[in-house]
Q: 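Supplied in structure tokens, the structure appears directly below.
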Number of protein chains: 2
Amino acid sequence: MNPIVNISQQFAAQNYKLTPQREAIVKVLLDNEKDHLSVEEVYMLVKTSYPHLGLATVYRTLELLCELHIVEKMDFGDGVARYDLRGDDHAHMHHHLICNVCGRLEEIKEDWLHDLELRLEQEYGFNVTDHRLDFKGTYNTCKRNGCKGEKDCQAVS
Amino acid sequence: MNPIVNISQQFAAQNYKLTPQREAIVKVLLDNEKDHLSVEEVYMLVKTSYPHLGLATVYRTLELLCELHIVEKMDFGDGVARYDLRGDDHAHMHHHLICNVCGRLEEIKEDWLHDLELRLEQEYGFNVTDHRLDFKGTYNTCKRNGCKGEKDCQAVS
DNA sequence: TTATAATTAGTAATCGTTACGAATTAAGCA
DNA sequence: TGCTTAATTCGTAACGATTACTAATTATAA
């Protein structure tokens, strides 16, 4: 199905309207599905198709999309929130590799935590609804061309 | 070894001084080893033993401790940075369970990611220097007593 | 059309964090 | 001991991301 139509229906189902502003924002997200855009980035991109749109609307819309589980808010500790369209499927198959050298961010869409989550249920009595798994490190290919060295003290444990 | 002495040596090794202010902050961290204190919390706590200490000093000291790998900065997406003393050992055995109902935060000190990190090295050519693994969910014991329901849209993927 | 509610725009306020300049303390050396 | 220099601290101003607020606009429904 046309993703815009699909999202429009999700809006309607919760008594929200897909206004032109909201649609423009959703389109930016769809056009940049591979990225994890910050609010500022969405704002810049959306301005090309909807110049008068306000920053606050971007914030509000992303929050709404988040509430509707259409996008996912994430925080890589760089001081800005980032948003990503959330496929219907891979809620639990969504991990990140963040390169210390070039800053590149790769997504891994495999379910690596299923067994661990079973174990949490059984051993800890903890029922997982959401998780987050990020790795920081260096690509071997990056190491070769002028490594800037590891940045200290990132807000990722 | 006395942890303060140990830390004092780590300071000296990098040509930093363990001033009374810094020592007071380290003591707060040692006294609350189980918690993940925010800057504000450290600030409040340290004021009982060192009333004149300034907030900026807390920020600067925690940053320094982070640089020396004595503490670890982390971000649970609640808008404030949190800090935790970093045992010499469990750099890779440090995961979190965050309860949706009561907000309780439990630490898991087992190395659950070793195999995955090997796989990243081999399959992705990615050498992990740091990682982060947080689970959100509910404790079964919590569910029974007045569940507040799942909070939407936390900045944890 | 008119009344009501939802949405938007623009901007002020908030809040965590960082930067800055002056004051204080410590260290090195004559 | 005094003097010089560097490190550290303090208080606060500045900053940047986000949120809150008010007026204006748009849609909805009687």
Side-chain angles (χ1 to χ4, degrees), chain A residues 7-8 10-28 36-44 46-47 49-68 71 73-83 151-156, chain B residues 7-8 10-28 36-47 49-68 71 73-83 151-155:
Chain A
I7 287 168
S8 172
Q10 290 184 254
F11 268 76
Q14 307 274 335
N15 268 58
Y16 290 114
K17 283 162 268 188
L18 189 59
T19 65
Q21 289 95 332
R22 288 174 177 170
E23 187 173 339
I25 291 167
V26 167
K27 275 183 179 152
V28 163
H36 301 73
L37 298 177
S38 67
V39 173
E40 207 66 32
E41 286 164 349
V42 172
Y43 181 57
M44 293 307 182
V46 84
K47 273 199 164 294
S49 66
Y50 204 114
H52 294 303
L53 197 144
L55 179 59
T57 302
V58 180
Y59 273 100
R60 252 180 288 107
T61 301
L62 287 171
E63 194 190 338
L64 179 57
L65 288 166
C66 202
E67 192 186 317
L68 297 176
V71 308
K73 184 181 190 178
M74 51 191 77
D75 179 355
F76 297 115
D78 60 349
V80 293
R82 297 185 173 277
Y83 296 85
K151 283 175 227 142
D152 270 335
C153 206
Q154 295 287 350
V156 163
Chain B
I7 287 169
S8 172
Q10 289 183 254
F11 268 75
Q14 307 273 337
N15 269 56
Y16 290 113
K17 282 163 269 186
L18 188 61
T19 64
Q21 288 95 333
R22 288 172 177 170
E23 188 172 340
I25 290 168
V26 168
K27 275 183 179 154
V28 164
H36 301 73
L37 298 177
S38 68
V39 173
E40 207 66 29
E41 287 164 347
V42 172
Y43 181 56
M44 292 307 180
L45 288 168
V46 83
K47 272 197 164 299
S49 66
Y50 203 115
H52 294 305
L53 198 143
L55 179 59
T57 301
V58 179
Y59 273 99
R60 252 180 289 107
T61 301
L62 287 172
E63 194 190 339
L64 180 58
L65 287 167
C66 202
E67 192 186 316
L68 297 177
V71 307
K73 184 181 188 177
M74 50 191 77
D75 179 355
F76 296 114
D78 60 348
V80 293
R82 298 187 171 276
Y83 296 84
K151 280 175 231 141
D152 271 333
C153 206
Q154 294 287 350

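Just so we're on the same page: letters track the sequence lines, and every chain starts at 1.
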Q: Whole angstroms only, please: what is the CZ-P distance between A:F11 and C:dA6?
A: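 Checked: the CZ to P distance equals 15 Å.
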Q: Heavy atoms only: give me the nearest A:L53-A:Y43 pair and the separation to one decimal.
A: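 So the two residues come closest at O-CE1, 3.4 Å.
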Q: Kindly determine whether A:Y50 and A:K27 satisfy side-chain contact (heavy atoms from CB on, under 4.5 Å), including the steps that lead there.
A: CA-CA 11 Å; A:Y50 204 114; A:K27 275 183 179 152; over 6 Å; no
Q: Just the rounded figure in Å: distance from P of C:dA5 to OH of A:Y16.
A: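 Interatomic distance, OH of A:Y16 to P of C:dA5: 16 Å.
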Q: Ignoring hydrogens and angles, tell me if any N or O in the side chain of B:T61 forms a donor-acceptor pair with the backbone of B:V58 under 3.5 Å.
A: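 Here the side-chain-to-backbone pair does not exist.
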Q: Whole angstroms only, please: what is the CG-P distance between A:L64 and C:dA6?
A: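 From A:L64 CG to C:dA6 P: 13 Å.
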Q: Sequence neighbours excluded, which residues qualify as side-chain contact (heavy atoms from CB on, under 4.5 Å) partners of B:S38?
A: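 For B:S38, the residues satisfying side-chain contact (heavy atoms from CB on, under 4.5 Å) (neighbours in sequence not counted) are B:E40, B:E41, B:V80, B:R82.
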Q: Any chance you could list the contact pattern along nucleotides 9-24 of chain C? Use B for base contacts, S for sugar-phosphate-only contacts and - for none, protein heavy atoms under 4.0 Å, 5' to 3'.
A: BBB----SBBB-----
Q: Give the minimum heavy-atom separation between A:L62 and A:V39, together with the two atoms involved.
A: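 Of all heavy-atom pairs spanning A:L62 and A:V39, the closest is CD1-CG2, 3.9 Å.
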Q: Indicate the atoms forming the closest heavy-atom contact of B:S8 with B:L18, along with that distance.
A: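 It is CB-CD2, 3.7 Å.
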Q: Heavy atoms of chain A, cut-off under 4.0 Å: which first and last nucleotide of DNA chain D, 5' to 3', fall inside that, if you could look?
A: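 Under 4.0 Å from chain A, the extent on DNA chain D is D:dA17 to D:dT28.
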Q: So how far is it from A:M74 CE to A:C66 SG, rounded to the nearest 0.5 Å?
A: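 Those atoms lie 9.0 Å apart.
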Q: Whole-Å distance between C:dT7 C1' and A:L62 CG?
A: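 One finds 16 Å between C1' of C:dT7 and CG of A:L62, rounded.
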Q: Is any side-chain heavy atom of A:L64 closer than 4.5 Å to a side-chain heavy atom of A:F11?
A: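 A side-chain contact under 4.5 Å exists here.
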